[in-house]
Amino acid sequence: MNKNYDVVIIGCGTSGAAIAYTLSKYDLRVAVLEKENDVAMGTTRANSGILHAGYDPEPGTLMAKLNVRGVEIARELADKLGYMYKPVGSLVLAFSGHDVKTIKTLKARGDANGVKGCRILTKEEVQQMEPMVSENVVAALYAPSAICSPWELCLCMAETAVLNGTDLLLETEVVDISREKDGDWKVVAARNLDPLTQADAKDRKSTELLEFSARFVINAAGLYADKVHDMAAPHSFDIIPSRGEYYLLDKAEGFRARHTIFQCPDENGKGVLVSPTVHGNLIVGPNSEKSRPDDYSTTSEGQAYVKKASAKSVPSVDFRNNIRNFAGIRAKSDRADFIIEEAKGAENFIDVAGICSPGLSSAPAIGEYVAELLAGKGLALKQKPGEMKYYRKPAHFKDLSADEKNALIAKDPSYGRVVCRCESITEGEMRDTFGSPIPPRSVDAIKRRTMAGQGRCQGGFCGPQVVKILAENLGLTEDRILQNAAGSWMVIRKEDR
Ligand SMILES: Cc1cc2nc3c(=O)[nH]c(=O)nc-3n(C[C@H](O)[C@H](O)[C@H](O)COP(=O)(O)OP(=O)(O)OC[C@H]3O[C@@H](n4cnc5c(N)ncnc54)[C@H](O)[C@@H]3O)c2cc1C
């Protein structure tokens, strides 16, 4: 297989998905190559989910510009694509005179970045808006931020891109990039042929090498963006992974915070936050520790740090209601800003690297910015004939009226069978996902699409049922079904040990 594209995008986190989404409006041949078995499997899968207002980045940086524009587009996308978006607003708490100076600086930065609606609150105003905050608060910065589910935002942009003709190749890991005689790029990727032996490309028993030709290559490989860059251009930056650990608490704790509650940022970033999630849970974290790019483990030290640090803001959080701990890994670079530029010595090879926070907030604008960069390099952005199609997933069964529910059950009784009791997700909804532009391939992929397994029992109850539904729809036996990434079988066979 040697396929010819105008643009090949490497990586399908929010950056790659947003670029694909933006380019799918135009008459172009675009492919996205993703090494994992689903989209949003890198940094995008585990973060705070805050669409930051834009007061944090230094004025004049690409981060500032793309953050502010990104959240503007993200708000519009919530209507078009129907992902969950809640404009809850955020507070940066001040506990001392020094902190008050910091929040005033942040407010000035917000003003300079063009953020509307930031204001400094008195202690009384803070306490009225957030009854659970610490008595020790002296003031706060309010900003009009929002919350979302990061994987849902990524998925709906990728689904819409696919619906509009983008080729998405999962389990396809780019292993080499070179220049062809005609000046186009040759991208070589190893694709897993056998879903039963999922492993890293180098270890796979059954891989085929695919070659793609492309006029432009976009490197949106997140934590591996430095490695991918080095395949095409002289080394010019390093990615320095930094892990952040979280607590996700049951909905019973959701009332502890109405806004996203930050402390003043320091050299390690935005610090530990306490925030509602779009699904009504409470999220607390993250810390910041140097790590490997693939080490998503949580540690007792990290968790203890997060717990203690969060008590400074909201002392009453009841951690006995914790339902999950998880970690995300930041892809910071050794530069102070996002790196979105043509790589030196590699014409038409564009790096989208060092996309640390506020990368999720900036993603839709990263799509727009990269499209402009490509147009500047001579790529014709001609609108596709006809209307752009937007993919919207079906409404949750539990949110329908009684009449709508009855009509669906009459058509297909599987809508009447609740599989995930915590989130009230039906078998019919799960089956629907296999007809979507990017069908699920793992238990967690079902969770990302339906919320099944996201509730209090974390899939303890519905897990076996979900495995059954996946096996039926993928034509596999149940012992081959993955929880999430390569090698994470739900059931281990003797021969796999
Ligand atoms: C703890 C934490 C909290 C955060 N909180 C926020 C927040 O609240 N708000 C915010 O705006 N931002 C936040 N961020 C930042 C945000 O999560 C990232 O900026 C964003 O997810 C980056 O997306 P990406 O697409 O650039 O990278 P990724 O999501 O990592 O995507 C890169 C993709 O490339 C793929 N890939 C890598 N190598 C190859 C290869 N060789 N071939 C094919 N595919 C490859 C990977 O599998 C991956 O899917 C946070 C980050 C962390 C870690």
Side-chain angles (χ1 to χ4, degrees), residues 8-20 32-54 56-57 63 66-67 70-71 74 90 145-148 150-151 153-154 157-158 169-177 187-191 200-201 218-229 231 239 241-246 260 262 268-270 272-273 275 283 285-289 291 293-294 296 306 326-333 338-340 351-367 485-486:
V8 161
I9 301 165
I10 304 169
C12 202
T14 36
S15 303
I19 297 164
V32 186
L33 312 182
E34 168 53 56
K35 72 182 175 76
E36 301 293 341
N37 61 16
D38 198 5
V39 307
M41 294 278 281
T43 299
T44 300
R45 93 167 126 157
N47 56 58
S48 308
I50 316 298
L51 295 168
H52 294 289
D56 194 47
M63 258 183 202
L66 297 181
N67 182 166
V71 289
S90 62
S145 63
I147 52 175
C148 71
W151 62 53
L153 174 57
C154 177
M157 291 190 291
L169 286 95
L170 298 173
E171 292 187 75
T172 303
E173 178 170 357
V174 172
V175 290
D176 190 40
I177 303 171
V187 179
V188 181
R191 191 168 68 141
D200 288 343
I218 315 288
N219 167 20
L223 289 153
Y224 300 91
D226 48 356
K227 309 281 176 302
V228 170
H229 167 100
M231 293 178 196
I239 296 294
S242 146
R243 191 177 53 200
E245 300 181 32
Y246 290 92
T260 300
F262 293 102
N268 289 322
K270 297 182 186 73
V272 170
L273 60 78
S275 178
I283 188 170
N287 63 338
S288 179
E289 286 286 332
S291 71
D294 58 351
Y296 287 91
V306 166
F326 66 93
I329 309 179
R330 304 169 183 87
K332 287 184 177 172
S333 79
F338 292 156
I339 303 170
I340 308 183
D351 286 314
V352 178
I355 311 297
C356 51
S357 185
L360 174 70
S361 319
S362 309
I366 290 176

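Positions are given from 1, in the same order as the sequence printed here. The basis for the numbers below is simple: all heavy atoms, side chains too, and nothing from hydrogens, waters or symmetry mates. Read the numbers this way: they start at 1 and go in the same order the structure lists the ligands and their atoms.
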Determine whether V352 and N219 satisfy the following criterion, side chain to side chain contact (heavy atoms under 4.5 Å, CB included), listing intermediate values before the conclusion.
CA-CA 6 Å; V352 178; N219 167 20; over 6 Å; no
Using the ring centroid of each side chain, check whether H229 and Y224 are separated by less than 6.0 Å.
no
Examine S242 against ligand 1 and note whether any of their N/O atoms are separated by less than 3.5 Å.
no
Per-atom contacts, ligand 1 versus L33 - under 4.0 Å to a heavy atom
43 (C), 44 (N)
Looking only at protein heavy atoms, which one is nearest to atom 21 (O) of ligand 1, and how far off is it?
T44 OG1, 2.9 Å
Nearest to atom 26 (O) of ligand 1, what protein heavy atom do you find, and at what distance?
S15 OG, 2.7 Å
Should E173 be counted as touching ligand 1, given the test is an N or O pair under 3.5 Å?
no
The criterion is ring pair (Phe, Tyr, Trp, His ring centres under 6.0 Å); which residues satisfy it with Y246, sequence neighbours excluded?
F326
Is it the case that ligand 1 has an N or O less than 3.5 angstrom from some N or O of V174?
yes
What do we get for L51 next to ligand 1 when only non-hydrogen atoms under 4.0 Å count, side chain, backbone, both or neither?
neither
State the OG1-CD1 distance between T14 and I355, to the nearest 0.5 angstrom.
9.0 Å
Distance from atom 51 (C) of ligand 1 to nearest protein heavy atom, with residue and atom:
N47 CB, 3.7 Å
Write out the residue and atom name of the closest protein heavy atom to atom 34 (O) of ligand 1, then the distance separating them to 0.1 Å.
G11 CA, 3.2 Å
Check each atom of ligand 1 against the heavy atoms of G222 and keep those under 4.0 Å away; list them by number with element.
27 (O), 30 (O), 32 (C)
Quick note on ligand 1: atoms under 4.0 Å from a heavy atom of G42 include exactly 29 (O), 30 (O), 49 (O)
To check your reading of the model: name the closest protein heavy atom to atom 5 (N) of ligand 1, its residue, and the distance in Å.
S48 N, 3.3 Å
Does an N or O anywhere in L360 fall below 3.5 Å from an N or O of ligand 1?
yes
Here the atoms of ligand 1 under 4.0 Å from any heavy atom belonging to P358 are 10 (C), 11 (O), 12 (N)
If only side-chain N and O atoms count, and only distance matters, is there a donor-acceptor pair under 3.5 Å linking S291 with R243?
no
Work out which heavy atom in A327 is nearest to a heavy atom in A46; give both atom names and the distance.
O-CB, 3.4 Å
From CA spacing to verdict: side chain to side chain contact (heavy atoms under 4.5 Å, CB included), S362, N67
CA-CA 4 Å; S362 309; N67 182 166; 3.9 Å; yes
Indicate yes or no for a side-chain donor-acceptor contact from E34 to the backbone of E36 under 3.5 Å, with no hydrogens or angles considered.
yes
When distances are taken from atom 14 (N) of ligand 1, the protein heavy atom at minimum range is S357 CB, 3.7 Å
Looking only at heavy atoms, the pair that brings C356 and M63 closest together is SG-CE, 3.8 Å
Polar atom proximity, Y224 to ligand 1 (N or O, under 3.5 Å)
no
Heavy atoms only: which of M63, K35, K332, R45 lies closest to atom 39 (C) of ligand 1?
K35
For atom 20 (C) of ligand 1, what's the nearest protein heavy-atom neighbour? Residue, atom name and distance, please.
T14 OG1, 3.7 Å
With a 3.5 Å distance limit and no angle check, can you tell me whether T172 reaches the backbone of L170 through a side-chain donor-acceptor pair?
yes
Over all heavy atoms of both residues, which pair between H52 and V71 is shortest? Give the atoms and the distance, please.
O-CG1, 3.2 Å
Taking all non-hydrogen atoms of both residues into account, name the closest pair between S333 and G354 and its distance.
CB-CA, 3.8 Å
I'd like to check which ligand 1 atoms, numbered from 1 as shown, lie under 4.0 Å from a non-hydrogen atom of G328.
53 (C)
Would you mind listing which atoms of ligand 1 come within a distance below 4.0 Å of any non-hydrogen atom of I329?
53 (C)
Checking a contact table here: which protein heavy atom is nearest atom 2 (C) of ligand 1, and how many Å away?
Y246 OH, 3.6 Å
N or O pair under 3.5 Å between R330 and ligand 1
no
Could you see which bit of T43 sits under 4.0 Å from ligand 1, with heavy atoms only: side chain, backbone, both or neither?
both
Verdict with supporting geometry, L33 and V187, side chain to side chain contact (heavy atoms under 4.5 Å, CB included)
CA-CA 10 Å; L33 312 182; V187 179; 3.9 Å; yes
Should you measure from each heavy atom of E36, which atoms of ligand 1 turn up under 4.0 Å away?
47 (O)
If I take atom CG from residue N37 and atom NZ from residue K35, how far apart are they, to the nearest 0.5 angstrom?
10.5 Å
Between I329 and L223, does a side chain to side chain contact (heavy atoms under 4.5 Å, CB included) hold up when you go through it step by step?
CA-CA 8 Å; I329 309 179; L223 289 153; 3.6 Å; yes
Side chain to side chain contact (heavy atoms under 4.5 Å, CB included) partners for D226, two or more places apart:
F237, D238, I239
Within less than 4.0 angstrom of ligand 1, does T172 place any heavy atom?
yes
Closest approach of I366 to G359 (non-hydrogen atoms, all atoms of both residues)
CD1-O, 4.3 Å
For the 3.5 Å polar cut-off, considering only N or O atoms, please tell me whether I355 and ligand 1 meet it.
yes
Please determine if E34 has a nitrogen or oxygen closer than 3.5 Å to a nitrogen or oxygen of ligand 1.
yes
Hey, which atoms in ligand 1 end up nearer than 4.0 Å to a heavy atom of I10?
40 (C), 42 (N), 43 (C)
Assess whether side chain to side chain donor-acceptor pair (under 3.5 Å) is satisfied between S275 and T260, documenting all intermediate values.
CA-CA 4 Å; S275 178; T260 300; 2.9 Å; yes
Would you say I50 has any N or O atom under 3.5 Å from an N or O of ligand 1, going by distance alone?
yes
Short version for C356: what comes under 4.0 Å of ligand 1, heavy atoms counted, is backbone
State if A220 counts as touching ligand 1 under the rule of any non-hydrogen atom under 4.0 Å.
yes
